[in-house]
Amino acid sequence: MSNQSLWLGSLRGPVRLLALISTGLALAVYAWLVLSQFISAEPVGMYEMLRPAGRPMVSVMLWALFAALLFGSLYLSDTRGSIEIEPTGPLDILSLVLSRLSMIAIIAIVLVMFYEVVARYVFEKPTLWANELSLWIASFVFLFAGLYSMQQRSHIRIYIIYDMMPRWMQKLADVISVSLIWVFFFCLLWGGYNEAMQKLGRMETFGTAWDPPLPATLKIGLIIIIGLVALQALSNLIADWNKAPEHHSPADEIDQTEIENIRRTLED
């Protein structure tokens, strides 16, 4: 992984500092909320985290967490992985930022499930929120991963016929593929927009004890992110339009960089 700035430039240092400050603030407020479980007459739990009205410390915690995720994702997106392709436009940068957010979210899912396992099997006090929080986070990870895969051109493709085509026919095939993605997005928008706005307007919840607003957030999130996928596909088409013809072989699936990293790790 290269440490050279990808797009932040001189802002790389300030963004890193803001990420550290906001993360430190979020951890400090979290420690205070944990301590309040033992010393406060009205302790704050996960139920209250979804309902911050009248609870200033909860609001501070949520805003600090939001800032930590935002600046952390911005900072991490400024570094290109060894197997990642170079971004070709502003939309690629947005896709990279959201991909870093999804990587952080995977760590959050692991921590939530670890907490649930310990609480359930060690202390025999299972939570009411771990499963739903994991589903909530994982749903957005799945959507962001699709956007990232589109930006990296890493969705599954079958090249047997494509490689036999002349370049003008390959371009035509690419146009048809992108057009089908846009048709799917417009169908999704036409069929789901009104329902999504209704769910968001009434902040529809999951109907459980913790009652998170999964339907309200996921429905509109699905439409927005699929829209970004369609835009990314169009951006890829424009960026790759004048590229030389590519030919693929089974050897392309072998990631030599990753193999070298694994070999180096084993030798160390």
task: First locate atom OH of Y121, then atom CD of E116, and finally report the distance between them rounded to the nearest 0.5 Å.
output: 8.0 Å
- request: May I ask you to test the F184-I226 pair for a side-chain heavy-atom distance under 4.5 Å?
  value: yes
message: Applying ring pair (Phe, Tyr, Trp, His ring centres under 6.0 Å) to W129 and Y115, what does each step give before you reach the verdict?
response: CA-CA 11 Å; W129 50 265; Y115 181 91; 5.6 Å; yes
- line: The reported gap from OG in S95 to CG in N236 (rounded to nearest 0.5 angstrom) is 8.0 Å
message: Between M61 and V34, is there shared hydrophobic-cluster membership here, with clusters defined by ILVMFWY side-chain heavy atoms closer than 4.5 Å?
response: yes
task: Side-chain contact test, heavy atoms from C-beta onward, threshold under 4.5 Å: evaluate it for V175 versus L237 and give yes or no.
output: yes
- prompt: Is the count of non-hydrogen atoms from other residues, nucleotides or ligands lying under 6.0 Å from R16 atom CZ greater than 12?
  reply: no
W7, CH2: over 12 other non-hydrogen atoms inside 6.0 angstrom: yes
query: Judged by atom type as modelled, is there a donor-acceptor pair below 3.5 Å linking the side chain of S149 to the main-chain atoms of G146?
result: no
task: Heavy atoms only: give me the nearest M57-V29 pair and the separation to one decimal.
output: O-CG1, 3.6 Å
D92 and Q232 side chains, donor-acceptor separation under 3.5 Å: yes
- prompt: How many angstroms lie between atom CG of L200 and atom CG of L218, to the nearest 0.5 angstrom?
  reply: 11.5 Å
- request: Could you tell me how the ring of F186 sits relative to the ring of W182: parallel (under 30°), tilted (30 to 60°) or perpendicular (over 60°)?
  value: tilted
- prompt: Does NZ or CZ of R157 come closer than 6.0 Å to the centre of the six-membered ring of Y162, within 45° of the ring's axis?
  reply: yes
- prompt: Same cluster or not: are W168 and V178 linked, directly or through other Ile, Leu, Val, Met, Phe, Trp or Tyr residues, by side-chain heavy atoms under 4.5 angstrom apart?
  reply: no
- prompt: Hey, does the side chain of S177 reach the backbone of A173 with a donor-acceptor pair shorter than 3.5 angstrom?
  reply: yes
- prompt: Transitively linked via ILVMFWY side-chain contacts under 4.5 Å: L96 with I85?
  reply: no
field: CD1 on I176 to CD1 on I181, rounded to 0.5 Å
entry: 12.5 Å
- prompt: Does any N or O in the side chain of Q37 come within less than 3.5 Å of the main-chain N or O of V44, such that one atom is a donor and the other an acceptor?
  reply: yes
- prompt: If you draw a 6.0 Å radius around CH2 in W210, do more than 12 non-hydrogen atoms from other residues or ligands fall strictly inside?
  reply: yes
- prompt: Which is it for D174 and K171 under the salt bridge (Lys or Arg N to Asp or Glu O under 4.0 Å) test, yes or no, and what are the steps along the way?
  reply: CA-CA 5 Å; D174 293 338; K171 290 182 178 181; over 6 Å; no
message: Quick one, Y148 with E84, criterion side-chain contact (heavy atoms from CB on, under 4.5 Å). Give me CA distance, side-chain angles, the key distance, then yes/no.
response: CA-CA 10 Å; Y148 176 60; E84 289 183 322; 2.3 Å; yes
message: Strictly below 4.0 Å, N to O, side chains only: are E124 and R120 in salt-bridge contact?
response: no
- line: dist L188:CG -> I223:CD1 (nearest 0.5 Å) comes out at 5.0 Å
Ring centres under 6.0 angstrom apart (F185, W190): no
message: When you group the ILVMFWY residues by side-chain heavy-atom contacts below 4.5 Å and let the links chain together, are L234 and I224 in the same group?
response: yes
message: For a quick test of reading the model, state the closest non-hydrogen atom pair linking F140 to G221 and the distance between them.
response: CE2-CA, 4.2 Å
field: Sidechain-backbone polar pair: T23 side chain, L20 backbone, donor-acceptor under 3.5 Å
entry: no
- line: In this structure, CZ of R55 is separated from CG of L62 (nearest 0.5 Å) by 11.0 Å
- prompt: At their closest point, which heavy atom of P212 faces which heavy atom of E132, and how far apart are they?
  reply: CD-OE1, 3.2 Å
query: Do other residues, nucleotides or ligands put more than 12 heavy atoms under 6.0 Å from I160 CD1?
result: no
message: In the structure I gave you, are the side-chain heavy atoms of W136 and T217 within less than 4.5 Å of one another anywhere?
response: yes
- prompt: Do M46 and L35 share a hydrophobic cluster (ILVMFWY, side-chain heavy atoms under 4.5 Å, transitive)?
  reply: yes
- request: Any chance you could lay out the side-chain contact (heavy atoms from CB on, under 4.5 Å) test for L6 and E86, step after step, and finish with the verdict?
  value: CA-CA 9 Å; L6 190 62; E86 289 281 353; 3.8 Å; yes
message: If you apply the rule side-chain contact (heavy atoms from CB on, under 4.5 Å), what do you find for L101 with L69, and how did you get there?
response: CA-CA 7 Å; L101 179 60; L69 292 174; 4.0 Å; yes
- request: With the side chain counted from C-beta on, respond yes when S99 and L147 share a heavy-atom pair under 4.5 Å apart, and no when they do not.
  value: no
- prompt: Is any side-chain heavy atom of L143 less than 4.5 Å from a side-chain heavy atom of S139?
  reply: no
query: Do Q151 and L94 touch side chain to side chain, with heavy atoms closer than 4.5 Å?
result: no
- prompt: Do Y193 and Q198 have side-chain N/O donor and acceptor atoms under 3.5 Å apart?
  reply: no
- prompt: How close do S22 and A68 get, heavy atom to heavy atom, and via which atoms?
  reply: OG-CA, 3.1 Å
message: Do S73 and I104 have side chains that approach each other closer than 4.5 Å (heavy atoms only, starting at C-beta)?
response: yes
task: Check whether any side-chain heavy atom of R153 lies under 4.5 Å from a side-chain heavy atom of D240, and answer yes or no.
output: yes
field: Least distance between heavy atoms, D78 atom then L8 atom
entry: OD1-N, 2.8 Å
task: Taking R167 for its side chain and K243 for its backbone only, find out whether a donor-acceptor pair lies under 3.5 Å.
output: yes
task: Of all the heavy-atom pairs spanning R12 and S5, show the shortest one and how long it is.
output: NH1-CA, 3.9 Å
